[in-house]
Number of protein chains: 2
Amino acid sequence: MDDRPELPLAQLHAFAVLAEELHFGRAAVRLGIAQPPLSQQIRRLEEKVGYPLFTREPGRVALTPAGEELLPAARQALALIAKGVAAAREAGSGRAGRLRIGFAASLALTVLPDLLRRFRADFPAVRLDIREMTSAPQLSALRAGMIDIGLLREPPTGDADLCFRTVLTEPFVAVVPAGHPLAGQRTVRIEQLAELPFVLLPREVGPPLYDQITALCADAGFTPRVVQNAVEWQTVCALVGTGLGVSLAPASVRRIRLGGVAFRGIDPGAAARVRTRVAVAWRRDDANPVVSNLLAILGQGPESGT
Amino acid sequence: MDDRPELPLAQLHAFAVLAEELHFGRAAVRLGIAQPPLSQQIRRLEEKVGYPLFTREPGRVALTPAGEELLPAARQALALIAKGVAAAREAGSGRAGRLRIGFAASLALTVLPDLLRRFRADFPAVRLDIREMTSAPQLSALRAGMIDIGLLREPPTGDADLCFRTVLTEPFVAVVPAGHPLAGQRTVRIEQLAELPFVLLPREVGPPLYDQITALCADAGFTPRVVQNAVEWQTVCALVGTGLGVSLAPASVRRIRLGGVAFRGIDPGAAARVRTRVAVAWRRDDANPVVSNLLAILGQGPESGT
DNA sequence: GTCGTCCATACCTCCAGAGATATCACGTAG
DNA sequence: CTACGTGATATCTCTGGAGGTATGGACGAC
């Protein structure tokens, strides 16, 4: 069984104030109580400590050596607790604390910067830990409590522990070497990619997105011949730029500025209307108010004018 | 009016223990109470903070961000107060604290070392500030609260604010140059000093002692012709050693080992029975228990065998 | 399903202590 | 001397909260 401190904090506060004023009357006024209760508080405290803390010679109140020893401890403890409670309230309200965000690399150029900027504007005291992760690891990191927020593509549906909300949807674009004949067209039909070598993300990085891309090809009557994998879209585009092959990618890869690679819209038709979804993910039972605050900001929709 | 903290320290303790155990049952056992009261304590604390501090998912208790912020503050504050109270008790009992001692230089060779050694043996945690001061300044320093204990010669009587207790008495000795004819005698009669130049302390350093010495001379039928003042007995003896003159000094100056100076007892008679008193002085109203402890040690009398 | 674990809730007792007012005791200043 | 300032004491009220027991509800293990 632990030792139990039996000093009410209120008494220590009275003690600290009296130690400053060295005058029962004035100290009582500062405390907002009458003088006799203050005398009692101090007496009780002295009883608990076991030794007098003040000398009361008529006319002058002074600290005893024992009081001298207790005073700095009392002051520091009071300050610590006041600060601790304030910090806890900040954290409790979501105005402060920590938020660990995992994001897919391709989003570093689109939704992420805007989101971070707006969140930081509203909650400057929240420490943001952002780390780049592909989609599948985000889901397990969320479940393990390693991150609080995930930003990923093509969220799975019907997850028991996790919630998702779509942040934006975007169509696919064809990624072709700049020198390739297809780069000369304004738009590309998916069938035109049928015979070409493909550069794609490995399926494990994000199965739903991979499946969506292969489904696009299947609808066009072929199975893409993947000659090269890369775990980031930046790399995929760079490889396409070397002429290694072509790819199908979410439209936001257009933001990647690389020489030797061209992005072309998909030709009108069913395929052009297929869009990939970017979603935010969080634990369904996460009570962290910082998470709610971030979701609220996302809920306001993208800032107008940007 | 000051802000008044309204967190009982006991609740913070319960919080800290629960934060370690993360289990209401075990934490309650450690606190020595039943589980429901602990739940209530935590609930009350959460109400006062305004936000939940723990998440209670069935099977697992965990800290919320707010609890995470509060915990270190609570821990530190509890430790601080425990230490502060312990220190106050040490100081209150006189086992720790500070003691400022003023002492006459001539006592540095006699009562002071023994006293300090014995006091430190019993109260090793007390910080001793010792400073050399002549008698008169000791009295004002005591009254002003600059020192707590004085060690001086020939204390005044009937002081309203200060108390004195005689620590030892000692006879006077004649201090003569080693080469002087008087140094050849086993004892000296005071009359034999009548025509010789004197080296003495200035009267201001300790009027009663000075008056006592001149009274000795007056009883022997002469007024000493003082040719040189020195504020410390060490210096007086050194000057006597140079042949400048002779002196009458408390016997403990024999401890001063200097070449060229001889100490000789006073010849039997009334003068040989005159003794100077060394006393300890303290404020009558001083409640500092460290002072009482030192006086108690002095009260035991000098250690036998030394 | 049943049991066991674990925390919350409800309800009760009880008292320490916070607060107030009135008064006393003691010094000091006029 | 009286008046005032200051702190301690006496006495009362009242309530917050600490503690208990009994029980409920949710979940997990088997």
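Think of the region where chain B sits on DNA chain D: with heavy atoms and a 4.0 Å cut, that region ends 5' and 3' at dG17(D) to dC27(D).
The main-chain N or O of Leu151(B) is found under 3.5 Å from a side-chain atom of Gln138(B) such that the two form a donor-acceptor pair. A donor-acceptor distance shorter than 3.5 angstrom exists from the side chain of Arg165(B) to the backbone of Leu295(B), with no hydrogens or angles considered. Within the 3.5 Å criterion, the main-chain N or O of Leu142(B) finds a donor-acceptor partner in the side chain of Arg283(B).
Between Ile33(A) atom CD1 and dT21(C) atom P the separation is 12 Å, expressed in whole Å. Atom CG of Leu22(B) and atom P of dC6(C) are 13 Å apart (whole Å).
For Thr166(A), the side chain to side chain contact (heavy atoms under 4.5 Å, CB included) partners are Thr169(A), Arg277(A), not counting sequence neighbours. Scanning for ring-ring contact (aromatic ring centres under 6.0 Å, His included) contacts around Phe103(A) gives an empty result, with sequence neighbours left out. Listed by chain and residue number, Asp148(B) satisfy the salt bridge (Lys or Arg N to Asp or Glu O under 4.0 Å) test with Arg100(B) (two or more places apart in sequence, or in another chain).
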Please tabulate, one pair per line, all N/O donor-acceptor pairs under 3.5 Å involving side-chain atoms of residues 119-135 of chain B, not counting sequence neighbours.
none

Show the atom names and distances, to 0.1 Å, of all donor-acceptor pairs under 3.5 Å that link a side chain in residues 60-76 of chain B to residues at least two apart or in another chain.
residue	atom	partner	partner atom	Å
Thr64(B)	OG1	Pro52(B)	O	2.8
Thr64(B)	OG1	Leu53(B)	O	3.2
Thr64(B)	OG1	Ala66(B)	N	3.4
Thr64(B)	OG1	Gly67(B)	N	3.1
Arg75(B)	NH1	Glu20(B)	OE2	3.1

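Contacts classified as ring-ring contact (aromatic ring centres under 6.0 Å, His included) and involving residues 27-72 of chain B (residues at least two apart or in different chains) are given here: Phe15(B)-Phe54(B). Listed by first then second residue, pairs satisfying ring-ring contact (aromatic ring centres under 6.0 Å, His included) with a partner in residues 136-169 of chain B number zero, not counting sequence neighbours. Pairs passing the salt bridge (charged side-chain N to carboxylate O under 4.0 Å, His left out) check and including a residue from residues 79-93 of chain A, sequence neighbours excluded, read Glu90(A)-Arg95(A).
Gln35(A) has no side-chain polar atom (N or O) that falls below the 4.0 Å cut-off from OP1 or OP2 of dT21(C).
For the helix from dG1(C)-dC30(D) to dG30(C)-dC1(D), the terminal axes (five pairs an end, C1' atoms, rotation from four pairs onto the next four) enclose an angle of 30°, given to 10 degrees.
Side-chain contact between Val111(B) and Leu298(B): absent, with no pair of heavy atoms (C-beta onward) separated by less than 4.5 Å.
In this structure, Ala281(A) and Leu152(A) approach most closely via the heavy-atom pair CB-CD2, 4.4 Å.
Of the residues in residues 38-56 of chain A, those placing a heavy atom less than 4.0 Å from an atom of DNA chain D are Ser39(A), Gln40(A), Arg56(A), in numerical order.
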- line: A correct 5'-to-3' footprint of nucleotides 24-30 of chain C, with B, S and - meaning base, sugar-phosphate only and no protein heavy atom under 4.0 Å, is ---S---
